[in-house]
Amino acid sequence: MFFNFVDELRAAGISASFKEHLVLLEALDKEVIDRTPEAFYYLSRATFVKDEGLLDRFDLVFNKVFKGLLADYGQRPVDVPEDWLKAVAEKFLTEEEMAAIKALGSWDEIMETLKKRLEEQEKRHQGGNKWVGTGGTSPFGNSGYNPEGVRIGGESKHGKAIKVWEKREFQNLDNTRELGTRNIKVALRRLRRFAREGAADELDLDATIEGTARQGWLDIRMRPERHNAVKLLLFLDVGGSMDPFIKLVEELFSAATAEFKNLEFFYFHNCLYEGVWKDNRRRWAERTTTWDILHKYGHDYKAIFVGDAAMSPYEITHPGGSVEHFNEEAGAVWLHRVAQTYPATVWLNPVPEKQWTYSQSTKMIKDLVGGSMHPLTLGGLDAAMRELTRKKG
């Protein structure tokens, strides 16, 4: 099992040497910790994790190896038995009691009922079967049980919510981070189309020599700087299930910033809606409407979405499906508008391609961008750049 643990750590991108493995075994042999799973977790984490950015990835590997739960580093939902996840405040319900709890019905009925409850409720509720609260059987709240409902805050317990609302904090990507491999940058260069535009502030040595020889005196010739003329819109999914891919996306962001002079980037969460932003710390105060983007940037721009496309299908298909606000138009409507405005549109997915079938939303997003979804690998990036080169705005 311990050797399998080391192999899984390496597969997840965590450096796990044989020396560290021996250190862990020696610590166990000398009984430096209590014989509890929690103590072993902290010991092994201190042994193998040298970068705090890898803590979440380590947790996923630990769960997979020692708890017997299926995990694929944050991309595939884990089917956890309900009796493992009873919250302290949760009522103990028999099978007969659970069967007696009636779902409210369709999406529209649940959302309309939630709206009314929020207007009527005046205080926090613990337990119960009607109000927005915790530990009860109401369809609204968290840490309780209902076969269909809306989770507001808290953590997922039974995986039965048809919508999740909670406040989330995201971190800006760092475009100064150096690439881990030069090949990613080389792949981006396939999209370059050089042109000389703007002020003539670069010495044209060949023309200067030719003019001087022809005129008989020094004839200095200048020319505009040669740069990549491709215009690019970069839409970056941040937060939630994208957290394990921050380093990879930062490397792509850094390369794109260096390679494309005409680059505009925007953040979104899960699915594109009516607004995007450039600073995650002020994403509610300083937003750009998607309509403004469609009207400001011409059809000659090429659009690249970067995201795992993993979300509830309701976030794509329904008004009000967003996990953070009430969107008046479905995400699918906005993705369709972007794809129509910018014929050269692709979606880069950091999740391994073999896992795309696990998520219904991934197939939906792929269809909305005309099938132009590629894995965020060297091969996938190369294929995406070739496709963008062929498509004309």
Visitor: Is the shortest distance from a Lys or Arg side-chain nitrogen in R281 or E286 to a carboxylate oxygen in the other one below 4.0 Å?
Guide: no

Visitor: Measure the OG1-CD distance between T290 and E329 for me, rounded to the nearest 0.5 Å.
Guide: 10.0 Å

Visitor: Answer with yes or no whether the side chains of H374 and E353 bring together a donor and an acceptor at under 3.5 Å.
Guide: no

Visitor: Should D59 and R57 count as an ion pair when the cut-off is N to O under 4.0 Å?
Guide: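 Answer for the salt bridge query: no.
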
Visitor: Which pair of non-hydrogen atoms, one from C271 and one from G331, has the smallest distance, and what is that distance?
Guide: SG-CA, 3.7 Å

Visitor: State, with a plain yes or no, whether a side-chain heavy atom of N349 is found less than 4.5 Å away from one of K366.
Guide: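 Result no, sub-4.5 Å side-chain heavy-atom pair not found.
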
Visitor: Can you find a pair of side-chain heavy atoms, one from Y267 and one from N280, that are under 4.5 Å apart?
Guide: yes

Visitor: Is any side-chain heavy atom of H299 closer than 4.5 Å to one of T341?
Guide: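 Sidechains of H299 and T341: in contact.
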
Visitor: Give, for atom CG of L218 and atom OG1 of T212, the distance between the pair rounded to the nearest 0.5 Å.
Guide: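 Going from CG on L218 over to OG1 on T212, the span is 4.5 Å.
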
Visitor: Going by heavy atoms in the side chains, are T357 and T362 under 4.5 Å from each other?
Guide: no

Visitor: Go through V65 and N4 one step at a time and tell me if the side chain to side chain contact (heavy atoms under 4.5 Å, CB included) criterion holds.
Guide: CA-CA 8 Å; V65 175; N4 184 44; 4.2 Å; yes

Visitor: Determine the minimum heavy-atom distance between A309 and S361, stating which atoms define it.
Guide: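 Looking at all heavy atoms of both residues, the closest pair is O-OG, 2.6 Å.
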
Visitor: Are R283 and D279 ion-paired here, with the side-chain N under 4.0 Å from a carboxylate O?
Guide: no

Visitor: Between L376, T377, L248, V249, which is the residue that forms a side-chain contact (heavy atoms from CB on, under 4.5 Å) with L348?
Guide: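 So, applying the side-chain contact (heavy atoms from CB on, under 4.5 Å) to L348 and each of L376, T377, L248, V249, only L376 qualifies.
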
Visitor: Can E274 and R337 be counted as an ion pair, charged N to O under 4.0 angstrom?
Guide: no

Visitor: Can you see which heavy atom on M242 is nearest to which on D308, and at what distance?
Guide: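 That would be SD-N, 3.4 Å.
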
Visitor: Can we say K278 and E264 salt-bridge, meaning some charged N sits less than 4.0 Å from an Asp/Glu carboxylate O?
Guide: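 A salt bridge is present here (some side-chain N lies under 4.0 Å from a carboxylate O).
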
Visitor: Please check if the number of heavy atoms outside Q215 that lie under 6.0 Å from its CD is greater than 12.
Guide: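 Counting other residues, nucleotides and ligands, CD of Q215 exceeds 12 neighbours.
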
Visitor: Look at the side chain of K302 and the backbone N and O of A344, then say whether any donor-acceptor pair between them is shorter than 3.5 Å.
Guide: no

Visitor: Side chain to side chain contact (heavy atoms under 4.5 Å, CB included), that's the test. Do F266 and W277 meet it? Break it down for me.
Guide: CA-CA 5 Å; F266 301 95; W277 58 94; over 6 Å; no

Visitor: Can you classify the ring geometry of H21 versus F18 as parallel (below 30°), tilted (30 to 60°) or perpendicular (above 60°)?
Guide: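 It falls in the tilted class, 30° to 60°.
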
Visitor: Please answer whether the main-chain N or O of Y41 pairs with a side-chain N or O of S44 as donor and acceptor at a distance below 3.5 Å.
Guide: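 Looks like yes, one N/O pair under 3.5 Å.
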
Visitor: Side chains of D367 and K363: closer than 4.5 Å at any heavy-atom pair?
Guide: yes

Visitor: For the CD atom of E315 and the CD1 atom of I365, what is their distance to the nearest 0.5 Å?
Guide: 9.5 Å

Visitor: For Q360 and P313, which heavy atoms make the closest approach, and how far apart are they?
Guide: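 Between these two residues, the closest heavy atoms are OE1-CG, 3.7 Å.
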
Visitor: Between L368 and A339, which heavy-atom pair has the shortest distance, and what is it?
Guide: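 Taking every non-hydrogen atom into account, O-CB, 4.0 Å.
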
Visitor: Is there a ring pair (Phe, Tyr, Trp, His ring centres under 6.0 Å) between Y273 and F268? Walk through the geometry before answering.
Guide: CA-CA 8 Å; Y273 297 112; F268 69 99; 8.8 Å; no

Visitor: What is the distance from atom CG of L263 to atom OH of Y301, rounded to the nearest 0.5 Å?
Guide: 9.0 Å

Visitor: Check whether any side-chain heavy atom of L381 sits under 4.5 Å from a side-chain heavy atom of L252, and report yes or no.
Guide: yes

Visitor: To the closest 0.5 Å, what do you measure between OG1 (T208) and CE (M222)?
Guide: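 Here the rounded value is 8.0 Å.
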
Visitor: Once the angle between the rings of F62 and F58 is folded into 0 to 90°, is it parallel (under 30°), tilted (30 to 60°) or perpendicular (over 60°)?
Guide: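 Aromatic pair F62/F58 classed tilted.
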
Visitor: Can you find a heavy atom in the side chain of V276 that is under 4.5 Å from one in the side chain of I293?
Guide: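 In short, these two side chains touch, coming nearer than 4.5 Å.
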
Visitor: What I want to check is whether the side chains of N327 and S322 have a donor and an acceptor closer together than 3.5 Å.
Guide: no

Visitor: Check the pair F260, L234 against side chain to side chain contact (heavy atoms under 4.5 Å, CB included), reporting the backbone distance first and the verdict last.
Guide: CA-CA 11 Å; F260 301 100; L234 188 61; over 6 Å; no

Visitor: In terms of ring plane angle, is the pair F5 and F48 parallel, tilted or perpendicular, where the classes change at 30° and 60°?
Guide: perpendicular

Visitor: Does K50 reach the main-chain N or O of T47 with its side chain, forming a donor-acceptor pair under 3.5 Å?
Guide: yes

Visitor: Mind checking whether F235 and W347 have side chains closer than 4.5 Å, heavy atoms only?
Guide: no

Visitor: Do V333 and Y342 share a hydrophobic cluster, counting only Ile, Leu, Val, Met, Phe, Trp and Tyr and linking them when any side-chain heavy atoms are less than 4.5 Å apart?
Guide: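 In one cluster with V333: Y342, no.
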
Visitor: Are V23 and I33 linked, directly or through other ILVMFWY residues, by side chains that come within less than 4.5 angstrom of each other?
Guide: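 Shared cluster, no.
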
Visitor: Please confirm whether the backbone N or O of E250 pairs with a side-chain atom of S254, one donor and one acceptor, at under 3.5 Å?
Guide: no

Visitor: So, for Y42 and F40, is the gap between ring centers shorter than 6.0 Å?
Guide: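 Ring centroids of Y42 and F40 are no less than 6.0 Å from each other.
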
Visitor: What distance separates E20 CD from L9 CG, expressed to the nearest 0.5 Å?
Guide: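 Between E20 CD and L9 CG, I get 9.0 Å after rounding to 0.5 Å.
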
Visitor: Please report the closest heavy-atom contact between G307 and P350, naming both atoms and the distance.
Guide: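 Reported closest heavy-atom pair: O-CD, 3.4 Å.
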
